[in-house]
There are 2 protein chains.
Amino acid sequence: MTERKRKNTSTRRAMLANEIAQAIRLRAFRPGEWLRQIDLEERFEATRFDVRSALDELAVRKTIEHVPNRGYRVAEVDMKTYEEILATRIILEGATAEGVVARIDDAAIARLDALAAQFSVAVTTGSRTEQSEINRAFHQLMYSFCGNAVLEEMIWGLRDRGRGSQITVWSSHELLQKSDREHLEMIAALRARDAERLAALIAIHIIKGAPVGPAPIEPG
Amino acid sequence: MTERKRKNTSTRRAMLANEIAQAIRLRAFRPGEWLRQIDLEERFEATRFDVRSALDELAVRKTIEHVPNRGYRVAEVDMKTYEEILATRIILEGATAEGVVARIDDAAIARLDALAAQFSVAVTTGSRTEQSEINRAFHQLMYSFCGNAVLEEMIWGLRDRGRGSQITVWSSHELLQKSDREHLEMIAALRARDAERLAALIAIHIIKGAPVGPAPIEPG
DNA sequence: GGCGAAATTATTGGCGCCAATTATGTTGCA
DNA sequence: TGCAACATAATTGGCGCCAATAATTTCGCC
């Protein structure tokens with residue numbers, strides 16, 4: 001067939017919600033910024049209805065905030081909530097250590113090696129978007145071996161929520177290098193099958209300004 | 001003013017979503033059961049639009065499941081997911097122990113005492129709905145002292161999700177008595193400010209068929 | 001020129017209609 | 001009697017219109 005089959009709403013909404021979420025992740029929309037429905041219609045070539053559904057979904061997921069009669073804006077998380085998110089991330093991401101260590105195989109560790117190497121390069125030469133994407137890929141791959149899909153889901157939900165913080169002014173070069181080194185240490189812990197050490201490293205990684213998002217991009 | 005001010009949609013939707021969620025909690029709708037929009041309109045005296053918004057919200061929260069062109073039904077969680085939910089609950093609820101022990105005061109412990117006593121009575125004389133509500137109140141009060149609102153949120157979200165399991169055929173009388181005893185032990189651990197013991201008790205409480213929901217009620 | 005009020009414009013939000021889809025019931029045929 | 005195909009009923013779902021609300025500009029007065 002020449003034209004693609006038209007998907008139903010729930011699919012389109014989910015896709016659009018993810019696109020918007022990614023845009024927020026890439027800082028195309030900054031915390032506190034209003035998301036005008038008309039702009040989103042054009043930018044993502046969607047109907048107003050779909051835009052609103054997607055925004056509603058993101059509001060439920062707390063990625064954005066809904067103010068009646070004003071619209072939707074990227075959630076700004078206050079300091080207290082930000083710290084709570086970090087604390088909860090340490091709990092959840094740390095809890096993956098045991099399962100990951102038990103289940104991960106050599107092939108996966110090799111792929112983590114590759115990603116860590118890519119990150120090392122990106123720290124000096126890459127854009128912040130690249131750094132962020134590689135970092136995300138690294139952790140996504142690692143956590144995917146924890147054997148608990150529910151846990152994984154919650155982790156990525158929380159990570160998205162934490163982005164609405166001003167504190168995320170983004171790591172200095174030193175912090176990036178530190179993150180880089182920590183990736184290597186995590187891999188070492190994995191090779192040694194040392195879950196406790198891995199959990200500790202993850203906690204440090206989260207606290208000490210781990211890269212959670214790239215620099216803002218100008219609105220197109 | 002003689003008539004109540006009309007609330008805006010996002011408020012009404014949230015309220016309706018919570019009402020439906022509670023009905024699911026009370027087993028007015030059983031796992032796998034279809035939620036017909038027309039019925040919900042009448043039962044909750046809402047417009048079709050509000051019903052759909054609320055259902056969408058619950059679908060995002062994974063309390064219910066959306067099947068295109070078929071409608072919404074109470075999510076049925078498979079065995080694997082159920083176990084993952086329990087494992088994650090142990091992680092999260094266990095993680096509250098430290099904060100709770102650190103922050104809880106004598107007045108709150110006294111209130112927990114009262115709730116535990118209420119539960120003891122309800123185990124033999126009360127309805128399952130009562131048992132469930134008291135149990136919920138007990139844990140809600142305890143966890144409210146953990147000092148991490150984000151963590152609390154996730155806990156109650158997960159608890160709601162776990163309800164869609166067939167395994168929740170509900171505790172025998174022996175298990176209820178066991179839960180009852182565990183409540184008292186938790187209070188003892190709180191008095192002793194023993195976070196580790198509290199966490200361990202919470203884990204046991206979750207694994208060994210803690211009461212998560214009442215028996216089904218007939219649809220009205 | 002500065003400030004406040006009114007008019008104008010921009011944006012969101014409630015909701016109902018009817019097409020699309022699925023479920024149910026009925027008929028006819030082997 | 002069993003089954004398949006068709007007809008009918010029930011239910012969901014896409015979407016656009018316009019009223020309600022907020023933002024902005026203009027205008028007039030001091």
Side-chain angles (χ1 to χ4, degrees), chain A residues 1 3-20 23-24 28-30 32-76 219, chain B residues 1 3-20 23-24 28-30 32-76 219:
Chain A
M1 48 180 154
E3 59 179 323
R4 192 165 304 175
K5 189 174 152 194
R6 179 172 268 238
K7 308 247 179 198
N8 53 29
T9 293
S10 62
T11 310
R12 272 183 290 140
R13 172 199 315 154
M15 287 176 62
L16 183 54
N18 284 334
E19 282 185 272
I20 296 173
I24 292 171
F29 305 106
R30 298 199 252 334
E33 187 174 342
W34 291 101
L35 300 169
R36 287 193 319 145
Q37 297 178 5
I38 297 174
D39 292 349
L40 296 177
E41 280 180 59
E42 293 179 3
R43 187 196 248 262
F44 296 103
E45 286 172 344
T47 69
R48 160 156 301 229
F49 183 81
D50 288 330
V51 167
R52 280 213 313 219
S53 311
L55 290 175
D56 278 339
E57 177 169 336
L58 292 175
V60 173
R61 303 209 310 232
K62 308 234 182 178
T63 305
I64 64 178
E65 178 192 11
H66 179 232
V67 183
N69 294 321
R70 293 290 307 282
Y72 300 81
R73 65 175 158 195
V74 181
E76 277 184 286
Chain B
M1 48 181 155
E3 60 178 323
R4 192 165 305 177
K5 190 174 151 192
R6 180 172 267 235
K7 308 243 178 201
N8 51 30
T9 294
S10 62
T11 311
R12 272 183 292 140
R13 173 199 316 153
M15 286 175 60
L16 183 53
N18 283 334
E19 283 185 272
I20 296 173
I24 291 172
F29 304 106
R30 296 198 260 326
E33 188 173 342
W34 291 101
L35 300 169
R36 289 193 328 164
Q37 298 178 5
I38 297 174
D39 292 348
L40 297 177
E41 281 180 59
E42 294 179 4
R43 187 195 246 262
F44 296 102
E45 287 173 345
T47 69
R48 160 156 301 226
F49 183 80
D50 289 329
V51 167
R52 282 210 324 226
S53 310
L55 290 175
D56 277 339
E57 177 169 336
L58 292 175
V60 173
R61 304 210 309 232
K62 308 234 184 182
T63 305
I64 63 178
E65 176 192 13
H66 176 58
V67 183
N69 294 320
R70 293 290 307 281
Y72 300 81
R73 64 176 159 195
V74 181
E76 277 184 284

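Just so we're on the same page: letters track the sequence lines, and every chain starts at 1.
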Here the distance between atom P of dT22(C) and atom CH2 of Trp34(B), to the nearest Å, is 11 Å
note: Arg73(B), atom CZ; dA23(C), atom P; distance rounded to Å ~ 11 Å
Side-chain contact, heavy-atom cut-off 4.5 Å: Arg48(B) with Leu40(B)? no
With sequence neighbours left out, the residues meeting side chain to side chain donor-acceptor pair (under 3.5 Å) with Asn69(A) are none
For residues 55-66 of chain A, run the donor-acceptor check on the side chains, cut-off 3.5 Å, and write out each pair with its distance to 0.1 Å, sequence neighbours left out.
unit_1   : atom_1 : unit_2   : atom_2 : d
Asp56(A) : OD1    : Tyr72(A) : OH     : 2.7
Asp56(A) : OD2    : Arg13(B) : NH2    : 3.4
Glu57(A) : OE2    : Arg61(A) : NH1    : 2.9
Glu65(A) : OE1    : Arg73(A) : NE     : 3.2

query = Side-chain N or O of Arg12(B) less than 4.0 angstrom from OP1 or OP2 on dC15(C)?
reply = yes
Sorted by chain and residue number, the salt bridge (Lys or Arg N to Asp or Glu O under 4.0 Å) partners of Arg70(B) (sequence neighbours excluded) come out as none
The side chain to side chain donor-acceptor pair (under 3.5 Å) partners of Glu19(A) (sequence neighbours excluded) come to none
*asked:* Please determine whether a side-chain nitrogen or oxygen atom of Gln37(B) lies at a distance below 4.0 Å from atom OP1 or OP2 of dA10(D).
replied: no
Scanning both residues in full, the closest heavy-atom pair of Ala17(A) with Ala54(A) reads N-CB, 3.7 Å
Table of protein N/O atoms under 3.5 Å from nucleotides 8-10 of chain C N/O atoms:
none

Residues pairing under ring-ring contact (aromatic ring centres under 6.0 Å, His included) where one sits in residues 33-65 of chain A, two or more places apart or in two chains, turn out to be none
Interatomic distance, CD@Glu76(B) vs CD@Glu33(B), rounded to 0.5 Å, equals 10.5 Å
note: Leu16(B), atom CG; dC15(C), atom P; distance rounded to Å ~ 13 Å
dist Glu41(B):CD -> Arg52(B):CZ (nearest 0.5 Å) comes out at 10.0 Å
Leu55(A) CG to dG14(C) P, in whole Å, measures 14 Å
In numerical order, the residues of residues 59-70 of chain A whose heavy atoms come under 4.0 Å of DNA chain D are Asn69(A), Arg70(A)
Heavy atoms of Asp50(A) and Arg12(A) approach each other most closely as OD2-NH1, 2.7 Å
Sequence neighbours excluded, the answer for side chain to side chain donor-acceptor pair (under 3.5 Å) partners of Asn18(B) is none
Expected list for residues 45-54 of chain B near DNA chain D, using heavy atoms below 4.0 Å, is Arg48(B), Arg52(B)
